Amino acid sequence: MLDRPHPTPADPCLDPFALAKALSGVHFIGGGYVPGRNGQSFAVVNPATGIEVARAAEGDAADVDVAVQVASRAQKDWAKVPARKRGAMVHACAALLKEHQEELARLIALETGKALRTESRVEAGVVADVFEFFGGLGSELKGESVPFAPNVLSVTVREPLGVVGAIIPWNVPMLLMALKVAPALVAGNTVVVKSAEEAPLAVLRICELMNRILPPGCFNMLSGFGPECGAPLVDHPKVRKVTFTGSVETGKIVARAAANKLIPVTLELGGKSPMIVFADCDFDKTVSGALTSMRFTRQGQSCTAASRIYVERPIFDRFVSAMKDAVNRMVMGDPLDEKTDIGTIVSEGQLEKVRGFIEEGTRTAGATAHVCSAMPTDPALRKGLFIQPVIFTGLGADSRLVREEIFGPVTVMAPFDDPEAVLAEANDSEYGLAASLWTNNLKVGLDLAHRLEAGLVQINQNLVVQANLSYGGVKSSGLGKEASLEAMLEHFTHKKTIMVNMG
């Protein structure tokens with residue numbers, strides 16, 4: 001079945017161009033690289049230069065069927081492996097990923113345009129941490145004893161669901177894959193992942209690395225497009241659980257397909273996260289926090305990005321000025337250059353979408369577009385998908401830029417006078433993923449935190465997703481939780497009741 005048994009180097013490879021070429025044209029199924037059955041492929045482009053760096057196998061329903069059948073057969077034996085031993089193997093995978101951390105960071109920077117120093121190394125490190133965390137939770141797959149009758153022993157046990165189909169996005173593909181794969185494997189499921197077409201390489205390499213430790217067929221990776229590869233994965237009769245991260249529109253399609261099969265689904269569908277800044281905040285810390293919250297180093301391509309920043313009026317003008325100065329100091333350039341703070345947008349289509357929002361905001365009466373940082377001057381980057389960060393002021397609450405997820409380096413800032421009014425404005429959104437509050441009055445902060453309609457609220461910080469902190473949204477931001485023990489138990493196992501009559 002394998003036409004190239006060893007297409008990639010065994011040791012860490014710090015040349016992302018060479019590694020990308022080696023990863024071309026294959027899926028990973030049943031413990032080895034497998035060419036696409038239809039022989040078709042699509043380009044993987046370095047968004048900083050516009051140059052093709054690899055070809056990804058264009059998977060279809062036939063590839064999906066092979067992968068799911070292999071995973072289904074493997075799952076029966078994997079479920080019999082003691083839970084702690086499964087966890088130990090996943091923990092060993094984490095150690096191997098740490099050895100390849102720099103390699104993975106360089107590869108993800110190449111294919112997504114995220115800056116190596118500020119973003120890609122961070123993601124590569126967090127990925128290993130997620131597998132390490134879940135690897136230690138095998139012994140937590142516990143049941144309960146239930147008091148029913150004196151002569152009846154009644155217990156519950158946790159059992160795996162079967163084959164899990166996972167569909168991941170391009171913005172932080174390694175991390176979001178880990179949040180799905182790690183708990184699924186430890187719980188005794190096997191997994192088939194459909195990667196994002198814009199970022200299929202690093203996750204494919206992770207799959208190959210982990211298969212050096214896992215039994216064949218437990219973790220499989222397909223590349224392809226949504227209708228031709230993602231939809232057949234969700235629809236496959238042997239897929240018993242779907243976990244998806246992406247847009248609201250696609251999430252609804254996935255949910256309908258899962259509902260037709262009556263299988264559980266986890267959805268993480270984005271956000272329009274508010275950041276509320278009070279005048280009594282630690283000013284410098286909060287300005288720095290706003291840069292992090294907006295994920296400017298990720299070009300704003302984050303579902304938790306603080307794309308709505310509300311600042312109490314007495315410090316509003318000063319805060320806007322400080323934000324502009326801080327973003328102006330950030331360097332845009334080659335994602336693989338250590339001096340770069342901000343890389344590129346991931347694709348031409350995404351770039352045009354972001355430009356459309358910026359043009360609309362610029363045309364709005366009374367609005368001001370504060371364009372920050374500076375485009376790179378290197379001629380080699382002239383075709384790169386770079387766009388300067390923009391801070392808008394003067395936009396009304398009904399603006400599309402305030403209400404819709406832009407997924408680019410664009411934030412809207414507005415002053416407020418009344419905490420109750422700003423709470424109402426923050427909650428006036430179809431989304432409810434994340435929010436942050438910045439104040440030294442913890443009574444005010446905690447009161448608003450309880451009333452904000454969001455799955456994750458942080459006070460005086462806005463960290464990215466972390467292992468052991470429950471993560472997931474409300475309203476249109478999705479269904480279910482990730483990154484925690486709760487996620488593994490509730491979303492990757494089912495509870496069975498067993499009763500023994502001893503009378």
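These figures come from a predicted structure and were not determined experimentally.
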Verify salt bridge (charged side-chain N to carboxylate O under 4.0 Å, His left out) between Arg355 and Glu359, making sure each step is shown before the conclusion. CA-CA 6 Å; Arg355 281 176 174 163; Glu359 290 168 3; over 6 Å; no
Stepwise, does the side chain to side chain contact (heavy atoms under 4.5 Å, CB included) test hold for Met275 with Thr286? CA-CA 10 Å; Met275 174 179 178; Thr286 305; 3.9 Å; yes
Determine whether Glu111 and Arg106 satisfy the following criterion, salt bridge (charged side-chain N to carboxylate O under 4.0 Å, His left out), listing intermediate values before the conclusion. CA-CA 9 Å; Glu111 63 180 329; Arg106 290 172 180 269; over 6 Å; no
Would Leu104 and Val127 count as a side chain to side chain contact (heavy atoms under 4.5 Å, CB included) if you check the C-alpha gap in whole Å, the side-chain angles of each, and the deciding distance to 0.1 Å? CA-CA 10 Å; Leu104 295 170; Val127 166; 5.8 Å; no
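Residue Arg400 places its CZ atom among more than 12 non-hydrogen atoms of other residues, nucleotides or ligands, all under 6.0 Å distant.
Each of Ser429, Ser476, Ser477 was evaluated against Lys272; a single residue qualifies, Ser429, per the side-chain contact (heavy atoms from CB on, under 4.5 Å) test.
Between Arg308 and Ser273, the side chains place no donor N or O within less than 3.5 Å of an acceptor N or O (distance only, hydrogens not considered). For the residue pair Ser24 / Arg55, no side-chain donor-acceptor distance below 3.5 Å is found, with atom types taken as modelled. For the 3.5 Å distance criterion, the side chains of Thr292 and Asn462 fail to qualify, holding no donor opposite an acceptor. For the 3.5 Å distance criterion, the side chains of Gln458 and Ser436 fail to qualify, holding no donor opposite an acceptor. Counting only N and O atoms by type, the side chains of Thr297 and Glu119 include a donor and acceptor under 3.5 Å apart. Side chains of Thr243 and Lys180: a donor-acceptor N/O pair is present below 3.5 angstrom, by distance only.
Because its NZ or CZ atom is both nearer than 6.0 Å to the ring centre of Phe492 and within 45° of the ring axis, Lys241 counts as a cation-pi partner of that residue.
Using cut-offs of 30° and 60° for the angle between ring planes, the Phe225 and Phe42 rings count as tilted.
A salt bridge between Lys443 and Asp447 is absent, with no side-chain N of the basic residue lying under 4.0 Å from a carboxylate O of the acidic one. Classification of Arg121 and Glu338 as a salt-bridged pair holds, one side-chain N sitting under 4.0 Å from a carboxylate O. Using a cut-off of 4.0 Å between Lys/Arg side-chain N and Asp/Glu carboxylate O, Arg117 and Asp341 are scored as salt-bridged. A salt bridge is defined here as a Lys NZ or Arg NE, NH1 or NH2 lying under 4.0 Å from an Asp or Glu carboxylate O, and Arg205 with Glu103 meets this definition. A salt bridge links Lys475 and Glu453; the closest N-O separation between the charged side-chain nitrogens and carboxylate oxygens is under 4.0 Å.
If you take CD1 on Ile406 and CD on Glu360, they are separated by 9.0 Å, rounding to the nearest 0.5 Å. With values rounded to the nearest 0.5 angstrom, Asn220 atom CG is found 8.5 Å from Phe28 atom CZ.
In this structure, Phe416 has its ring center at least 6.0 angstrom away from the ring center of Phe316. Close placement of the Phe319 and Phe283 rings is indicated, their centers lying within 6.0 Å of each other.
Looking at every heavy atom in both residues, Pro389 comes nearest to Ile342 through CG-CD1, 3.9 Å.
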